[in-house]
Amino acid sequence: MTHGQIRLNLILLAMQPPRIAELLAPFLQAPVLTDSSERCHSELGRSRGEEPAFLSQAQLQSISTYIDLLIRWNERINLTAIRDPEEIVTRHFGESLFAARQLFPMAPAEHVSERAPLSVHTAADIGSGAGFPGIPIKVWQPNVNLTLIESNHKKAAFLREAARTLGLTNVEVRTDRAETIRDRTFDLVTVRAVDKMEQVLPAAARLLSPNGRLALFLSSRQVDAARLSLPLKWELEIPIPQSESRVLLIGKNQAST
């Protein structure tokens with residue numbers, strides 16, 4: 001075993017569920033909403049007094065397994081420029097689970113291991129790449145039927161292997177561009193870290209069902225352009241924890257009103 005392999009194994013050994021839970025805790029707190037961060041009231045808004053969410057041991061173990069797989073595949077193909085496992089947890093899983101917490105309400109305390117969808121049965125993640133936010137959303141809410149849209153065949157192969165390794169069901173990987181998909185619509189569409197955002201947003205809107213929601217991960221500089229480019233009912237704009245400029249923007253298809 002080479003020195004690099006030994007170092008990698010030691011890093012992965014350190015990324016066990018307790019440490020992952022510690023790193024993810026800030027992203028699972030109830031968000032602090034202000035007049036500037038919540039431009040409009042919606043059913044997705046959270047009470048400031050809500051208790052923090054938490055992940056089950058099974059969910060944390062799935063994340064640990066996913067990190068292991070991601071880092072090993074990243075040695076062969078460029079899935080993410082972030083190499084540090086702890087930064088993978090905060091930047092990728094943290095952002096993704098922060099969005100999942102806003103999009104899927106918590107179950108009552110006596111059924112805390114369950115996540116009940118907010119009229120979301122189908123979800124599509126455009127430009128899924130290394131699987132964010134799609135796969136963490138599936139880990140958070142196993143009942144959703146998830147489609148990962150990734151035109152790069154090598155990245156699509158990783159996504160299929162990740163779903164298989166984690167034992168996720170009802171996950172479809174499509175090696176298409178979002179602009180070419182005309183046969184499906186979804187209750188939820190997510191877009192994060194894609195190239196040519198101005199081209200992707202109209203395609204994302206076309207993929208929304210009549211009651212569908214679009215969740216965008218943007219820099220604060222992109223928010224106004226996104227709002228103006230799509231005829232959606234914008235429900236929630238909220239800063240992402242541990243970021244100076246990134247926000248989560250959620251809009252609802254106007255066809256539902």
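Index from 1, following the sequence.
Taking the charged nitrogens against the carboxylate oxygens, Asp183 and Arg174 do have a contact shorter than 4.0 Å, which makes a salt bridge.
With hydrogens and angles disregarded, no donor-acceptor distance shorter than 3.5 Å links the side chain of Asp125 to the backbone of Leu148. Checked by atom type and distance alone, the side chain of Asn74 pairs as donor or acceptor with a backbone atom of Thr80 at under 3.5 Å. With hydrogens and angles disregarded, a donor-acceptor distance shorter than 3.5 Å links the side chain of Asn253 to the backbone of Ser209. When atom types are taken as modelled, the side chain of Lys138 and the backbone of Thr169 share a donor-acceptor pair closer than 3.5 angstrom. Proximity of a side-chain donor or acceptor of Thr165 to a complementary backbone N or O of Ala162 within less than 3.5 Å is not detected. At distances below 3.5 Å, not a single donor-acceptor pair connects side-chain atoms of Glu235 with backbone N or O atoms of Ile250. Arg227 places no side-chain N or O within donor-acceptor distance of the main-chain N or O of Leu249, the cut-off being under 3.5 Å. Between the Arg192 side chain and the Gly134 main chain, no donor and acceptor come within less than 3.5 Å of each other. Without hydrogens or angle criteria, Ser128 side chain to Ile149 main chain gives no donor-acceptor distance under 3.5 Å. Side-chain atoms of Thr175 never come within 3.5 Å of backbone atoms of Ser151 as a donor-acceptor pair (strictly under, hydrogens ignored).
Side-chain contact check for Ile63 versus Pro136: every heavy-atom pair is 4.5 Å or farther apart. The side-chain heavy atoms of Ile20 and Leu55, taken from C-beta on, include no pair separated by under 4.5 Å. Between Leu166 and Leu69, every side-chain heavy-atom pair lies at or beyond the 4.5 Å cut-off. Counting heavy atoms from C-beta on, the side chains of Leu248 and Phe217 come closer than 4.5 Å. Looking only at side-chain heavy atoms (C-beta outward), Val139 and Leu97 stay at 4.5 Å or farther from each other. Contact of the Leu207 side chain with the Ile126 side chain is registered, since non-hydrogen atoms from C-beta on lie closer than 4.5 Å. Pro241 is not listed as a side-chain neighbour of Gln29, based on a closest heavy-atom distance of 4.5 Å or more. Within the 4.5 Å cutoff, side-chain heavy atoms of Leu70 are placed close to those of Phe132.
Two rings, from Tyr66 and Phe93, have their centers less than 6.0 Å apart.
For the pair Arg246 and Ser243, the tightest heavy-atom approach, listed with the atom from each and the gap, is N-OG, 2.9 Å. Thr185 and Arg206 get closest at one heavy-atom pair: CG2-O, 4.1 Å. Shown here for Pro17 and Gln61, the closest heavy-atom pair between the two residues is CG-OE1, 3.6 Å. Gly129 approaches Leu159 most closely through the heavy-atom pair O-CD2, 3.5 Å. Contact detail for Arg101 and Trp140: the closest heavy-atom pair is CA-CZ2, 4.0 Å. The heavy-atom pair separating Lys155 from Glu150 by the smallest distance is CB-CG, 3.7 Å.
Here the OG1 atom belonging to Thr90 is positioned 12.0 Å from the CD1 atom belonging to Ile240, to the nearest 0.5 angstrom. Rounded to the nearest 0.5 Å, atoms OG (Ser245) and CD (Gln222) are 9.0 Å apart. Between the CG atom in Leu188 and the NE2 atom in His121 there is a gap of 12.0 Å [rounded to 0.5 Å]. Remark: Asp176 CG to Ile181 CD1 distance equals 5.0 Å, nearest 0.5 Å. Between atom CD1 of residue Ile67 and atom CD of residue Gln16 there is a gap of 9.5 Å, rounded to the nearest 0.5 Å. Separating the CG atom in Leu208 from the CZ atom in Arg213 is a distance of 10.5 Å, to the nearest 0.5 Å.
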**Message:** Run Arg19 and Val89 through side-chain contact (heavy atoms from CB on, under 4.5 Å) and show every step you take.
**Reply:** CA-CA 10 Å; Arg19 179 56 178 161; Val89 173; over 6 Å; no
**Request:** Before giving the answer on side-chain contact (heavy atoms from CB on, under 4.5 Å), spell out for Asn152 and Ile77 the whole-Å C-alpha distance, their side-chain angles and the decisive distance to 0.1 Å.
**Result:** CA-CA 11 Å; Asn152 182 294; Ile77 65 173; 5.9 Å; no
**Message:** Evaluate Leu216 against Trp234 for side-chain contact (heavy atoms from CB on, under 4.5 Å), listing each step before the verdict.
**Reply:** CA-CA 11 Å; Leu216 304 176; Trp234 296 106; 4.1 Å; yes
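Within the structure, the ring pair (Phe, Tyr, Trp, His ring centres under 6.0 Å) test picks out the following pairs touching residues 142-180 (sequence neighbours left out): Trp73-Phe158. For the salt bridge (Lys or Arg N to Asp or Glu O under 4.0 Å) condition, the pairs that include at least one residue of residues 163-173, sequence neighbours left out, are Glu161-Arg164, Glu172-Arg184.
Under a cut-off of 6.0 angstrom, the local environment of CZ in Arg76 is crowded, with over 12 non-hydrogen atoms contributed by other residues, nucleotides or ligands. No more than 12 heavy atoms of other residues, nucleotides or ligands shown are found within 6.0 angstrom of CZ on Arg177.
Partner of Phe98 under the side-chain contact (heavy atoms from CB on, under 4.5 Å) criterion, out of Leu28, Ile238, Leu103: Ile238 alone.
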